[in-house]
Amino acid sequence: MSIKHPIIAVTGSSGAGTSTITRTFVRIFEREGVNAAVVEGDAFHAFDRAEMRRRIAEEAARGNHHFSHFGPEANLVDELENLFRSYSESGTGRTRHYLHDVEEAAKYGGEPGTFTPWEPLPENTDLLFYEGLHGGLVTETHDMARFVDLLIGVVPIINLEWIQKLWRDRSERGYSTEAVTDTILRRMPDYVRYICPQFSRTHVNFQRIPVVDTSNPFIARDVPTADESLVVIRFANPRGIDFPYLLNMIADSFMSRANTLVIPGGKMELAMQLIFTPFVWRLMERRQRVMGVL
Ligand SMILES: Nc1ncnc2c1ncn2[C@@H]1O[C@H](COP(=O)(O)OP(=O)(O)O)[C@@H](O)[C@H]1O
Ligand SMILES: O=C(COP(=O)(O)O)[C@H](O)[C@H](O)COP(=O)(O)O
């Protein structure tokens, strides 16, 4: 953690909605004049698409049918930890982009399934914002969570997460239902071992739950909309959270536990603005104070 160079990380499975949440944070940063260095976790995949497919085949030939992007073996975890450490110490680091599709390839230059070159983070940023699979990863040899000032989990219930991944990977990445299903099955051990434990370390979890039937996610024709869902917002430490204010500002919201707010799905962006804008203010005030600006 760092007063001068804070880190906000949004962590979640592939298809959970971390990119969607990022767009809300970008709007908060723009409105509050925060100069954020935004890092995509996919930049720290260890292999490009072709090599990853070779590795998956090699591992399967050796009897390991669960080699996946969720595990540390398929990611540059040292590099990611070095980024978090370097940024928290000096506001510096480097990142790149993983080009998932032709749209991203056209935006950054390069071929789908490959990486752009490593580039230094912009200078003089106010904070680092990470979105990806491993913002709160802790293993025997690595600990990302200790560098993060605000760790947010994006954790739709699993049937909804699978529907979101199936829909996104089919419509935006050109994969078949069978290919996405194979990925969901292959990554399951790593999901349990490396993704889920992060949500016990987060400061806040957002869990979208559909109020329509998602019993068989593999035949779902569309993603349940925001208005077809509720969001369970769990605060690890409810101290200092102004629940009466949030309940008053968010129509039809209620408390299910002393640290858990439930809101209509369509109010998720408003809830994030109300919850995180004051937090960003506090981060920036602390940073400006320690830099002698305030
Ligand atoms: N809160 C939400 N409400 C409705 N659809 C969502 C929500 N969050 C994510 N989705 C949908 O789920 C899919 C995956 O979301 P995305 O943000 O790309 O996931 P990730 O970046 O975690 O892989 C996208 O098609 C997106 O439109
Ligand atoms: O999905 C993710 C990461 O989660 P997110 O969904 O948040 O990007 C991987 O980057 C792709 O699976 C890469 O694999 P592929 O090269 O097969 O697309």
Side-chain angles (χ1 to χ4, degrees), residues 9-26 38-56 67-71 74-76 80 96-105 110-115 130-135 152-176 179-184 186-187 190-191 194-195 198-199 206-212 214 217 220-233 263-272:
V10 173
T11 197
S13 170
S14 172
T18 56
S19 303
T20 302
I21 290 261
T22 296
R23 289 191 280 275
T24 297
F25 264 98
V26 167
V38 179
V39 169
E40 300 156 359
D42 306 343
F44 296 86
H45 289 338
F47 314 111
D48 66 18
R49 184 170 292 164
E51 179 61 20
M52 182 64 178
R53 286 177 177 168
R54 275 194 290 275
R55 298 285 177 122
I56 290 169
F67 189 72
S68 85
H69 279 118
F70 286 0
N75 290 275
L76 304 174
L80 179 59
R96 59 182 181 179
H97 296 280
Y98 179 82
L99 306 174
H100 288 97
D101 51 39
V102 288
E103 188 178 323
E104 291 180 5
E111 290 301 317
T114 66
F115 298 101
Y130 166 97
E131 71 90 11
L133 302 171
H134 298 120
I152 300 161
V154 183
V155 206
I157 59 116
I158 198 65
N159 280 21
L160 175 56
E161 181 183 296
W162 289 351
I163 290 172
Q164 291 184 170
K165 175 149 180 83
L166 284 156
W167 189 89
R168 192 273 317 272
D169 284 6
R170 283 192 304 239
S171 61
E172 296 179 13
R173 297 183 182 177
Y175 289 111
S176 67
V180 183
T181 304
D182 287 346
T183 298
I184 288 173
R186 174 166 44 81
R187 70 186 191 179
D190 285 341
Y191 180 86
Y194 298 110
I195 303 295
Q198 296 180 69
F199 306 131
F206 283 80
Q207 180 157 59
R208 191 159 86 96
I209 53 177
V211 288
V212 292
T214 58
R221 287 189 300 275
D222 50 25
V223 177
T225 65
D227 290 333
E228 292 174 330
S229 60
L230 296 173
V231 180
V232 175
I233 306 175
I263 66 170
K267 300 290 186 184
M268 187 162 162
E269 169 126 9
L270 172 63
M272 286 182 58

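All figures in this text were calculated on a predicted structure; none of them were measured in a lab. Every heavy atom of this structure was used, including side-chain atoms; hydrogens, water molecules and symmetry mates were not. For this chain, numbers begin at 1 and follow the sequence in order. Counting starts at 1 for both ligands and their atoms, following the listed order.
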side-chain contact (heavy atoms from CB on, under 4.5 Å), paired with Ser14, selected from His69, Gln164, Arg187: Arg187

Shortest heavy-atom approach to atom 24 (C) of ligand 1 - which of Glu228, Arg168, Glu161: Arg168

Nearest non-hydrogen contact with atom 4 (O) of ligand 2 belongs to which option: Ala74, Ser13, Ser14? Ser14

Could you find the nearest protein heavy atom to [atom] and give me its residue, atom name and distance?
atom	answer
atom 3 (C) of ligand 2	Asp42 OD1, 3.4 Å
atom 7 (C) of ligand 1	Gln164 OE1, 3.8 Å
atom 15 (P) of ligand 2	Tyr175 OH, 3.3 Å
atom 11 (C) of ligand 2	Arg173 NH1, 3.6 Å
atom 9 (C) of ligand 2	His45 NE2, 3.3 Å
atom 2 (C) of ligand 1	Arg208 NE, 3.5 Å
atom 12 (O) of ligand 2	His69 ND1, 3.8 Å

Between the side chain of Thr214 and the main-chain N/O of Pro217, is any donor-acceptor distance below 3.5 Å? no

Are Lys165 and Glu161 within salt-bridge range, i.e. N to O under 4.0 Å? no

Take every heavy atom of Ser13, measure it against each atom of ligand 1, and state whether any distance is under 4.0 Å. yes

Does ligand 1 have an atom under 4.0 Å from some heavy atom of Ser14? yes

Of the side chain and backbone of Met52, name the one, both, or neither that has a heavy atom under 4.0 Å from an atom of ligand 2. neither

Considering the heavy atoms of Trp167, write down every atom of ligand 1 situated less than 4.0 Å from one of them. 25 (O)

